[in-house]
Number of protein chains: 2
Amino acid sequence: MKVVTIKDVAARAGVSPKTVSRVINGEQHVRAEIREHVMRVVDELAYKPNAFARGLSSSRSFLIGLFVDDPFSGYAADLQRGAIDQCRMYSHHLVIEAVERERPDWLAQIDATLRELRLSGAILAAPVCDWSEVLELFESHDIPVVRLSPATDPGRAQQVQIDDRAAAREMTERLIALGHRDIAFVRGHTAHGAAALRWQGFADACADAGITIPARRVLQGDFSFKSGLAAGEAILADDDRPTAIFASNDKMAFGVLMVAMRHGIAVPGALSIAGFDDDEISRMAWPQLTTINQPNAEMAKVAVDLLIGNNPQVKKEPGESVELSYSLVERESSGPVMNGMA
Amino acid sequence: MKVVTIKDVAARAGVSPKTVSRVINGEQHVRAEIREHVMRVVDELAYKPNAFARGLSSSRSFLIGLFVDDPFSGYAADLQRGAIDQCRMYSHHLVIEAVERERPDWLAQIDATLRELRLSGAILAAPVCDWSEVLELFESHDIPVVRLSPATDPGRAQQVQIDDRAAAREMTERLIALGHRDIAFVRGHTAHGAAALRWQGFADACADAGITIPARRVLQGDFSFKSGLAAGEAILADDDRPTAIFASNDKMAFGVLMVAMRHGIAVPGALSIAGFDDDEISRMAWPQLTTINQPNAEMAKVAVDLLIGNNPQVKKEPGESVELSYSLVERESSGPVMNGMA
DNA sequence: CTGAAAGCGCTTACAG
DNA sequence: CTGAAAGCGCTTACAG
């Protein structure tokens, strides 16, 4: 297949390659009629600029990197979807990189990628965005970064997030409004900043309502289904049960729900369960899980906007932060506390 | 940060850039001591060749494209994981592209990507791999392709697959061996070739066992949880129930399981349920689902091997096909048929 | 507003 | 086995 280059377009349009370049890149200082004519020729020839030539001659690669801890997770899948869509909007492409922190050369791996690829920008998903070695690396390469839901070092780069703390607080308040006063909480992975924020939100709401949280009502999980199962077993083993359990993500909530079912505990009749994330799994549960909708795909979209939406030449203010709104999704796994139980 | 180029390495090593190039690319005809010396300098300077310069001057982009229908699915996530790992092994990078067939310009989108990116190779996941327009496009761009679990046009390109038909047959035989003779089947999305193969495997086993399949025992699903729910409702609505249900993927099997639970039907006591895929969800179910393990990540890995593992210059034989082995994973959702029920 | 020249950092094709 | 020259297809910096 004959490859169409900028010269072909220029020759056919009767202008210089530079003018074609200007038109393609939406630069100013091209007469309107020439611009239109060039664009017509571009379409006729189905010309697409070669990304490698562009990347070599300019410093822009038209490549956005998405760095995730676990590419296997639903979270990563959500982010990808949002980012891919938006990259396409701007004629960029998305390169996914797994950060394998368990490998001794994990940082060198990222470094190699950055040297090879000269990314136009990078999206650091949680919890990668909280690893300072990673941030330093990107800073040293001078690559614009957007952090997703960072928990440490606020203001170190642009960021996109929801207010995890407020969301967890709102969920807890809702449970309290339903009459629950004995609520267990399943904490998330300690490496994720969101885990701490969600816990704080829970604690805030309890404090406001004058509820003290006994230590035995707080379980440590790691955001996995399995850890939810373990937490459920621990909480529901004997008759000293809470009337509600708030797990800090849906996978764990789902695990808790499974344990409740095995024990024959009616949900929400005898036990309310709430999760966080609005993971696909929350709709596959029965009863479906009450949860917090976190717009992951949207967050990735916004991250791409921050990276390339505005003038890509202009450095953004570090610390620029976009906060997206969450929503409480009340489904069937939560309900009013039963008479005499409170 | 000062960028290290091939010239820097050449100057420091006291050789020409071309020699450095030879060393980097593992070409022959370099004296061993020079090779080692250059490699040492490369390490000292932490030199990484610029992917854009490479891509521009050679026809190789060091980029592998993964084309998926639904980047949101667990299937896509599995593939990504396998492909990313293996790409890194070969110093390549993975670019994920969503094929949005519902858009009128979907083919033009892919075409644009191919013109811009000059991929070294592409992995087409099911069912993208069965869309002939896509195959034609890659052929016209002369880009090596590996199809994953293709159902049509065998031999049109390299392919990696498991024997879906044999796997479904084996699962069905297992159910029959457990005493089941009244088995319902939930078919998958008609656009997926695997759906037809799994159905055939089921039919094969039934025919062998002398079991005829009444039309009312065959439900049409689309691989989604929701369609599993619908199929479950249809099958389990009245007392005329089969003793086992084989759904052609785990999400649907999970849906069927949920319906059984709501109806108070004991699994596997009164009803055996089997799925396919060994999806994460199959381990989150209770009872856990009996299923077929399909090594998705491994398939993507092998696809990368086919694309770049061997000599990348040499064209592969179209039709070269690698078949990976599956395994039947017997968990708790299936069991012997109850006395008097068969 | 438009263009000619030089260069990005590699590899290809050709010598020797 | 090693290297000098040319070129990949764009953009940058400079003129006019």
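Note: hydrogens, waters and symmetry copies are ignored here, and every other heavy atom, side chains too, is used. Below, chains carry the letters A, B, ... as their sequence lines are ordered, and counting in each starts from 1.
Heavy-atom contacts from other residues, nucleotides or ligands closer than 6.0 Å to NZ of B:K18 number more than 12.
Checking the phosphate oxygens (OP1, OP2) of D:dT11, a side-chain nitrogen or oxygen of A:N25 falls inside 4.0 Å. In this model, the phosphate group of C:dT11 is approached by a side-chain N or O of B:S21 to a distance below 4.0 Å at OP1 or OP2. Between A:R31 and the phosphate of C:dC1, there is no side-chain N or O to OP1/OP2 separation shorter than 4.0 Å. Contact check, B:T19 against D:dT2: no side-chain N or O comes under 4.0 Å of OP1 or OP2.
In this model, no donor atom of one side chain and acceptor atom of the other lie less than 3.5 Å apart for B:D130 and B:H192.
A donor and an acceptor atom never sit less than 3.5 Å apart when one is taken from the side chain of B:R118 and the other from the base of D:dG9.
In this structure, B:R54 atom CZ and D:dC10 atom C1' are separated by 20 Å, rounded to whole Å. Rounded to whole Å, atom P of C:dG3 lies 14 Å from atom CD of A:E27. Between the CG atom of B:L45 and the P atom of C:dG9 there is a distance of 14 Å, given to the nearest Å. As rounded to whole Å, 12 Å separates atom P of C:dA4 from atom NZ of A:K7.
Closest to the side chain of B:K18, out of C:dA13, D:dG9, D:dT12, is C:dA13. Looking at the side chain of A:S58, the nearest of the listed nucleotides C:dG9, D:dT2, D:dT12 is D:dT12. Nearest to the side chain of A:S57, among C:dG7, D:dT2, C:dG9, sits C:dG7. When each of C:dC10, C:dC1, D:dC10 is scored by its nearest atom to the side-chain atoms of B:A53, the top-ranked nucleotide is C:dC10. When each of C:dG3, D:dT2, C:dG9 is scored by its nearest atom to the side-chain atoms of B:V30, the top-ranked nucleotide is D:dT2.
Aromatic ring pairs are classed by plane angle as parallel below 30°, tilted from 30° to 60° and perpendicular above 60°; the pair B:F138 and B:F67 is perpendicular.
Residues B:R147 and B:D153 form a side-chain contact, since some pair of their non-hydrogen atoms from C-beta on lies under 4.5 Å apart.
Under a 4.0 Å N-O distance rule, the pair A:D85/A:R81 does not qualify as a salt bridge. A salt bridge does not link B:R54 with A:E116: every distance from a Lys NZ or Arg NE/NH1/NH2 to an Asp or Glu carboxylate oxygen is 4.0 Å or more.
Backbone-only contact: A:Y47 has heavy atoms under 4.0 Å from sugar-phosphate atoms and none from a base.
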For this session: Evaluate the side chain to side chain donor-acceptor pair (under 3.5 Å) criterion for residues B:E97 and A:H93: first the C-alpha distance (whole Å), next the side-chain angles of each, then the deciding distance (0.1 Å), finally the verdict.
Result: CA-CA 8 Å; B:E97 299 285 330; A:H93 294 273; 2.8 Å; yes
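Along DNA chain C, the nucleotide nearest to B:K48 and the one nearest to B:R22 differ in position, and the one closer to the 5' end is contacted by B:K48.
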Problem set entry | Pairing string, 5' to 3', for DNA chain C - Watson-Crick or wobble contacts under 3.5 Å, brackets [ ] where pairs cross, | to another strand | |||.||||||||.|||
